[in-house]
Amino acid sequence: QELVRQGEALKRTEQMVDKMDQDLKTSQRHINSIKSVWGGLVNYFKAKPPESKPEQNGAPEYYANSRLKEAIVSSKEQESKYQESHPNLRKLDNSGLLTDLVSSVQKDAYPKNQQLRAYHQKIDTNLDEMSSGLSRLKSLALGLQTEIEEQDDMLDRLTKKVETLDVNIKNTDRKVRQL
């Protein structure tokens, strides 16, 4: 959830940097108009830069990658089942455990001794629970990895844009000071 929120913040930041860049281009046009008559004429005949669409309600849309979404949904679906079956999260009621385990698993797969059979079945049940838990963790980890890689790419793009914007702001500031 936190990673998705950070992705949304990165997306908003990138859009603000794009808006700043567009505003800087507009200010460059105004500086050229103020600087000389020739610059004003060039700007008059030059095509205006396209206006960007304003965001609705200031909330840009950001979508986490599908792998992470699926992993989160799957994890939330399995959470109640996990809590019911986790030894520390459930109320232990061993009265029907032996009969439930014996009836749920084939009898020839285990030793003839009833107590030993019950322990084997209990171990198998625990291993099955561990397997499903590890599967859930794996899908979450893969989703997180994909989301982090996408956000890393977004950070690289944002860094390049900010560096370019910084250079352009310094140049614009220098031009304004010369006026």
* Asked: Step by step, would you call K170 with R174 a side-chain contact (heavy atoms from CB on, under 4.5 Å)?
  -> CA-CA 6 Å; K170 287 179 182 176; R174 186 177 36 85; over 6 Å; no

Evaluate the side-chain proximity of [Y] to [X]: yes if any heavy-atom separation is below 4.5 Å, no if none is.
{"X": "T172", "Y": "K175", "value": "no"}
{"X": "M154", "Y": "E150", "value": "no"}
{"X": "L3", "Y": "Q6", "value": "yes"}

Using 0.5 Å steps for rounding, measure from the [atom1] atom of [X] to the [atom2] atom of [Y].
{"X": "E163", "Y": "L158", "atom1": "CD", "atom2": "CG", "result": "10.0 Å"}
{"X": "E147", "Y": "L142", "atom1": "CD", "atom2": "CG", "result": "13.5 Å"}
{"X": "I148", "Y": "L155", "atom1": "CD1", "atom2": "CG", "result": "11.0 Å"}
{"X": "L134", "Y": "S139", "atom1": "CG", "atom2": "OG", "result": "11.0 Å"}
{"X": "D152", "Y": "Q145", "atom1": "CG", "atom2": "CD", "result": "11.5 Å"}
{"X": "R157", "Y": "E14", "atom1": "CZ", "atom2": "CD", "result": "4.5 Å"}

* Can any side-chain N or O of T164 pair as donor or acceptor with the backbone N or O of K160 at less than 3.5 Å? -> yes

* Asked: Do N126 and E129 pass the side-chain contact (heavy atoms from CB on, under 4.5 Å) test, and can you show the C-alpha distance, the side-chain angles, and the key distance before you say yes or no?
  -> CA-CA 5 Å; N126 288 343; E129 288 177 11; 4.3 Å; yes

* Answer yes or no: does atom CD of Q178 have more than 12 heavy-atom neighbours from other residues, nucleotides or ligands under 6.0 Å? => yes

* Is R177 atom CZ crowded by more than 12 heavy atoms from other residues, nucleotides or ligands, each under 6.0 Å away? -> no

* **Linked, directly or transitively: M130 and I123 (ILVMFWY side chains, under 4.5 Å)** =>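 Cluster IDs for M130 and I123 match.
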
* Under 4.5 Å between side-chain heavy atoms, hopping through other hydrophobics if needed: is there a path connecting V17 to I169? ->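 In one cluster: yes.
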
Answer yes or no: is there an ion pair linking [X] with [Y], defined by an N-O contact shorter than 4.0 Å?
{"X": "R5", "Y": "E2", "answer": "yes"}
{"X": "K19", "Y": "D23", "answer": "yes"}
{"X": "K161", "Y": "D21", "answer": "no"}

* Structure fact -> Residues passing the side-chain hydrogen bond (donor to acceptor under 3.5 Å, both in side chains) test with D128, sequence neighbours excluded, are none

